[in-house]
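In what follows, a structure is listed as structure tokens, so that the remarks can point back to it.
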Amino acid sequence: MSALTRLERGFFVQDTLTITRKLLGQCLVRIEKGQPRLAGFIIETEAYIGTEDLGCHARAGRTKRNSSMWGPPGHLYVYFTYGMHWMLNIVTEQESVPAATLIRALLPYEGIEVMLTRRRNRPRLELTNGPAKLCQALNIDSQFDGYDICMPDSNIFIERYPQVPEKMIITGPRVGLYTVPEPWKSIPWGFRVHSDFYQQFITALPE
DNA sequence: AGCACGATTAACT
DNA sequence: GTTAATCGTGCTC
């Protein structure tokens, strides 16, 4: 087994759609003091790109809330919505260009006992199968808005795994943009891994 | 100062 | 399939 490397700054300097696709199959890791490592494979992502994209928070210009999206790549944009939920994004593109990838779902891999506690013993496949759920499971909130995941001692980072084959990636519209006008509402900037691909990892999960 | 809404979730019929 | 929960944010007055 070869040593795993972390995604470095250069990865997040590619164009946003490329990054959003290539993040599928990579492993998001969360380190907390006094806790076992929490980790999950990224299986669903969405791209939000620039002020033109009317589905993107950047459409209204830079505000206190969305400021991180204008920041340097490889940092996090974490925001609060629906009065109770946190959402995890990774900032892409060069500084001053607002764009990010939303992490919508993970396949739990390490630290499942801790995730079960945080997620009130929900079924294993429902631990991190939504953008707010994974933030709850990994204990990610406002304290990580603007956080740099490329620092050597970062408490959140992504480990490099082999790319998911193109044929195993399902492309479709982004979820939840009910009031967003076309073409942005339907533009196919959502990506997920076909369940055929990760089924093998589910059956391999420890009880 | 007031208000409508949201890149969601869980529980319900 | 529907809907309540719950509150920070940004917009309007």
Side-chain angles (χ1 to χ4, degrees), chain A residues 12 15-24 26 28 30 40 42-71 73 75-93 97-108 112 114-147 149 156 158 169-193:
Chain A
F12 300 102
D15 81 79
T16 301
L17 287 176
T18 301
I19 293 168
T20 304
R21 279 175 167 270
K22 289 173 81 173
L23 279 174
L24 295 174
Q26 308 304 302
L28 179 67
R30 167 80 163 106
I42 297 170
I43 56 173
E44 189 175 347
T45 56
E46 287 176 354
Y48 290 87
I49 311 174
T51 52
E52 304 287 298
D53 174 7
L54 297 181
C56 179
H57 289 162
R59 62 182 179 270
R62 192 170 192 166
T63 65
K64 188 179 180 194
R65 182 202 199 199
N66 66 24
S67 181
S68 297
M69 259 200 292
W70 273 260
H75 290 234
L76 300 180
Y77 167 43
V78 179
Y79 70 88
F80 185 71
T81 191
Y82 289 106
M84 66 192 95
H85 297 309
W86 296 98
M87 302 280 146
L88 173 65
N89 297 256
I90 301 170
V91 176
T92 59
E93 306 288 345
V97 177
T101 297
L102 172 69
I103 308 298
R104 281 196 63 87
L106 303 176
L107 190 64
I112 288 170
V114 176
M115 296 187 198
L116 283 167
T117 307
R118 298 243 172 86
R119 295 277 301 127
R120 311 189 61 151
N121 288 313
R122 305 213 75 81
R124 178 156 313 187
L125 289 176
E126 296 175 21
L127 291 177
T128 54
N129 65 335
K133 298 177 191 179
L134 68 92
C135 284
Q136 199 181 348
L138 301 189
N139 194 22
I140 292 171
D141 60 21
S142 63
Q143 71 183 111
F144 288 105
D145 187 32
Y147 191 80
I149 64 168
I156 298 176
I158 298 175
I169 297 177
I170 299 166
T171 303
R174 297 171 293 183
V175 175
L177 306 188
Y178 305 105
T179 64
V180 172
E182 299 290 359
W184 308 108
K185 183 176 183 172
S186 303
I187 200 166
W189 286 356
F191 305 95
R192 59 197 169 92
V193 180

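Order of the sequence lines sets the chain letters (A, B, ...), proteins ahead of strands, with each chain counted from 1. Note: hydrogens, waters and symmetry copies are ignored here, and every other heavy atom, side chains too, is used.
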Compare side-chain N and O positions of [X] against OP1 and OP2 of [N] and report whether any pair is under 4.0 Å apart.
X: Thr179(A); N: dG6(B); answer: yes
X: Arg62(A); N: dT9(C); answer: no
X: Lys64(A); N: dG8(C); answer: no
X: Arg122(A); N: dT9(B); answer: no

Between protein and nucleic acid, restricted to nucleotides 1-6 of chain C and to nitrogen or oxygen atoms under 3.5 Å apart, what atom pairs and distances do you find?
{"from": "dT6(C)", "atom 1": "O2", "to": "Tyr82(A)", "atom 2": "O", "distance (Å)": "2.5"}

To the nearest Å, how far apart are [X] [atom1] and [N] [atom2]?
X: Asn121(A); N: dA10(B); atom1: CG; atom2: P; value: 13 Å
X: Trp86(A); N: dT9(B); atom1: CH2; atom2: P; value: 15 Å
X: Tyr77(A); N: dG6(B); atom1: OH; atom2: C1'; value: 11 Å

OG on Ser142(A) to CG on Leu76(A), rounded to 0.5 Å: 12.0 Å

Flag side-chain contact, heavy atom, 4.5 Å: Phe144(A) against Leu88(A): no

Pair assignment for DNA chain C - dot-bracket with | for other-strand partners, Watson-Crick or G-U under 3.5 Å: |||||.||||||.

dA7(B) base stacked by Tyr79(A) (centroids within less than 5.5 Å, tilt under 30°): no

Of the listed nucleotides dG8(C), dC11(C), dA7(B), the one nearest the side chain of Ala60(A): dC11(C)

